[in-house]
Amino acid sequence: MLELYHWAPNGPWLKPLIVIAEKQIDCTLRPIDVLAFEQYGDKVPPRSLETRLNQEGEGPLLVQDGKQLTESFFLCEFLDSAFDGPALRPTNPVAFNRMLAWARFSNEIFMPSANTLGCRQFLAPQLAGKTMPVDVLGKIELSFVREAWQRAYANDFPPAMIDDSRRKITLALDRIEKALIDGPYLLGKDYSLADVDAFSISRSLPVLAPDLVKGRPLWADWMARIEARPAVQASLQIDGWYQPENVFAPGPEHSRWG
Amino acid sequence: MLDIYHWEPNANSGKPLLAALEKGVEFQSHYIDMLAFDQHKPDYLVINPAGTIPAMVHNATLIFESTYMIDYIDMAFEGPALRPADPYELWRMRWWCRFFDQYVGPATSQLGWSSFVGPMVRERDEEELKAAIERIPLKERRMAWSKAIYGTFTEEELAESRARLMSGIAQIDEALTDHDAIAGDQFSIADLAGFMMLFGLPVMFPEAANDERTPNFMSWLRRTARRPSVQEGLSIGKNPRFAQRFQELLNGEGISDA
Ligand SMILES: N[C@@H](CCC(=O)N[C@@H](CS)C(=O)NCC(=O)O)C(=O)O
C-alpha cells in the first residue's frame, strides 16, 4: 500500500504528485493541512528517524508498507525506480550527473530562496498576530525548521536575506535558460525529474519575482509546455486549490557552505 | 581517460578518489593545493569555473558535485556496485548523503576551517590574501575563506555547528543500530561520502564521537577505514594531518570490532 501525505500542489508537494500522475502509480493521496500543523499530529504515522529530520523542512511524506520517505526530489527518484511507467531518469551517466547536480542546486540554492520569498509574501501575512503553538514547537526537531516558522510568525525577513534570495533565483533562472538552449528539456531531448523539480519550484516565480522572470523566452516557453502536460494539469487541480502557487511553508535551509 | 583534481583525501576531495579505487578504475591524480589557492588559479578555472575541489573530467566532460561523481563512476564503469538495487535503500542512501553534505558536513568544515585552514594561511601577506579572497568565484566559498582568514566565525555559529554534530553523530549512530552500512547492509556511496566527511571527528571533536557515546558510529568508521580502497586512498595525501587522524582512528579503542 502506497500513501502520499501532501499539502497544496506547489513546490515540494507538487513534485511527487506530478510523478504519480505521469507514471499512473496507484497511490492513496492524503491531504494534510500544514497550517493546522496536522503533519505533527496523529493524522500521520509516528515518524522514522530520517523523516523526523526532514532536511526539506515541511514537505511531502510517502509511506510504502510502513516504510517512510521524505525529501521531494529523492522521493521522486524512489517512485521512478520502484514503479513502472515512463522512465523519468536518463540512463546516460553524464545526463544522470546533470540531473543530480540540478537536484543539489535546487535543494540548497533555488528552493530555499523561492521559499524565503514565498514565506514572506504569503505565509507571514496569514500568521500575523498569532503565535506558534508551543506543543508543536516542541515536536519540531530541527532547529532551522523551528526558526523558519518563528521567522514567518514574526515577519522577520531582513532586506539582506531577500536580496540574497533574489540573487540566487537569478542564478537558477540563468542556469535553466542556458540548459534550454539545447532543449527542449533541461537534460536535452527527454523530459525528466529535473524538469519536474525545476517546474515545481519555478511555478511561483511570476508572483514572487515578476521582474526576474521577464525576458526569459526559453524559460517561459518551457514552463508553458510542462504546464500543458495532462499529468501536470491533473496534479495542479488536486483538492480544488485556488492559486496553489501562493502556498508556502518553511523549506530547506540555505546552503551554509557552498 | 579519467582525471581527478583533488586536495587531501579528506571531505569532498576524498569522495571521487575512493570511488575510483573502490571500483578499480584507473585515473590520473592531480593534486591541487587548497592552502596555496590553486583552485582559484586561471588554469584550474578553465577546468572547473566554480573554483572548487574536487573536479573530475571524463572524456573531456566535467562531472559535477563530489557526491555525484561517485554515482557517475558507478554508472560509467564496471566493478562492484556502489548503489543499492533496492529502491528504498537507494532512497536511504540519498537521504543520508544529503544529511552529510548539507547538515553535518558544513558543521564539520566550519570547525576544521576555523581551527586549521584559517591559521595555516593567516600569516601570509595581507594584500595577497585580500586579492586571493576577491578571486573566489562562489559567494558561499568567498565568505568561508574570509571568515577563516580573519577568524570571524562567530562563537554563535561555532556553537551551532557543535550542537549539530552532537545530535547529528548520535543520529548516525542510531541509524547504524540495525544496519552494517548506512543505507542497509550493503556498502554504498553513503558510507564512502560519510566516512570522508567525518573520519577526523573522533580526534577533532571527541565529545561528539567516541566509543562510549556513539559505539555504532565508531565501529562503522573503523570498518570503513579498513577497506583496502580507503587505505590506498589515504596514502595519496601529502599533509600528515589527515594520515595521522586516520591512524589515530585505527589505533583507538574498540579496534577488535569487525
Ligand atoms: N558541492 C561541492 C562543494 C565543493 C567544495 O566546496 N569544496 C571545498 C573543499 S571540501 C573547496 O573547494 N574549498 C576550496 C575553496 O573554497 O577555495 C562538491 O561537493 O563538490
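Lettering follows sequence order; numbering is per chain, from 1.
With a threshold of 4.5 angstrom between heavy atoms, F144(A) approaches chain B through side-chain atoms but not through N, CA, C or O. Residue F74(A) touches chain B through both its backbone and its side chain, counting heavy-atom pairs closer than 4.5 Å. Contact annotation for E77(A): only side-chain heavy atoms (C-beta onward) come within less than 4.5 Å of a heavy atom of chain B. Neither the backbone nor the side chain of L79(A) comes within less than 4.5 Å of any heavy atom of chain B. Contacts of T91(A) with chain B are made by backbone atoms alone, with heavy-atom separations under 4.5 Å and no side-chain atom involved. Neither the backbone nor the side chain of D86(B) comes within less than 4.5 Å of any heavy atom of chain A.
Looking only at heavy-atom pairs under 4.5 Å with chain A, the residue among R94(B), M75(B), E65(B) that has the most is R94(B). Among D80(A), L69(A), L75(A), the residue making the largest number of heavy-atom pairs under 4.5 Å with chain B is L69(A). Looking only at heavy-atom pairs under 4.5 Å with chain B, the residue among L100(A), D164(A), N54(A) that has the most is L100(A). Ranked by non-hydrogen atom pairs under 4.5 Å with chain A, the options E174(B), M69(B), R164(B) are led by R164(B). Of the listed residues L90(B), T52(B), T67(B), D101(B), the one with more heavy-atom pairs under 4.5 angstrom with chain A than any other is D101(B).
Residues L53(A) and Y103(B) have side chains not in contact (no heavy-atom distance under 4.5 Å, counting atoms from C-beta outward). Counting heavy atoms from C-beta on, the side chains of S143(A) and E160(B) come closer than 4.5 Å. Counting heavy atoms from C-beta on, the side chains of F78(A) and W95(B) never come closer than 4.5 Å. Residues E141(A) and S167(B) form no side-chain contact, since every pair of their non-hydrogen atoms from C-beta on lies 4.5 Å or further apart.
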*Quick one: do F99(B) and E71(A) satisfy side-chain contact (heavy atoms from CB on, under 4.5 Å)? Show the steps, please.*
CA-CA 11 Å; F99(B) 188 76; E71(A) 331 276 323; over 6 Å; no

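In terms of heavy-atom proximity, R98(A) sits nearest to I63(B) at NH1-CA, 4.1 Å. Nearest heavy-atom pair across R256(A) and S161(B) is NH2-OG, 3.6 Å. Nearest heavy-atom pair, F96(A) versus D71(B), reported as atom, atom and distance to 0.1 Å: CE2-OD2, 3.7 Å. The two residues Q68(A) and Y88(B) come nearest to each other via the heavy atoms O-CE1, 3.8 Å.
Residue E26(B) qualifies as open at atom CD: its count of foreign heavy atoms under 6.0 Å is 12 or below. In the displayed structure, K178(A) atom NZ is contacted under 6.0 Å by at most 12 heavy atoms of other residues, nucleotides or ligands. Within 6.0 Å of the CZ atom in R120(A), the count of heavy atoms belonging to other residues, nucleotides or ligands does not exceed 12. Environment of CG in D135(A): crowded, with over 12 heavy atoms of neighbouring residues, nucleotides or ligands closer than 6.0 Å. Other residues, nucleotides and ligands place more than 12 heavy atoms under 6.0 Å from the CD atom of E155(B). Counted within 6.0 Å of CG on D84(A), heavy atoms from surrounding residues, nucleotides or ligands total 12 or fewer; the atom is thus considered open.
Atom CZ of R104(A) sits about 6.0 Å away from atom OG of S66(B), to the nearest 0.5 Å. The OG atom of S255(A) lies 8.5 Å from the CZ atom of R141(B); values are rounded to the nearest 0.5 Å.
For Q102(B), the side-chain hydrogen bond (donor to acceptor under 3.5 Å, both in side chains) test picks out R98(B), with sequence neighbours left out. Scanning for side-chain hydrogen bond (donor to acceptor under 3.5 Å, both in side chains) contacts around W91(B) gives an empty result, with sequence neighbours left out.
Side-chain polar atoms of W96(B) and E50(A) form a donor-acceptor pair below 3.5 angstrom.
In this structure, N97(A) contributes its side chain and F64(B) its backbone to a donor-acceptor pair below 3.5 Å.
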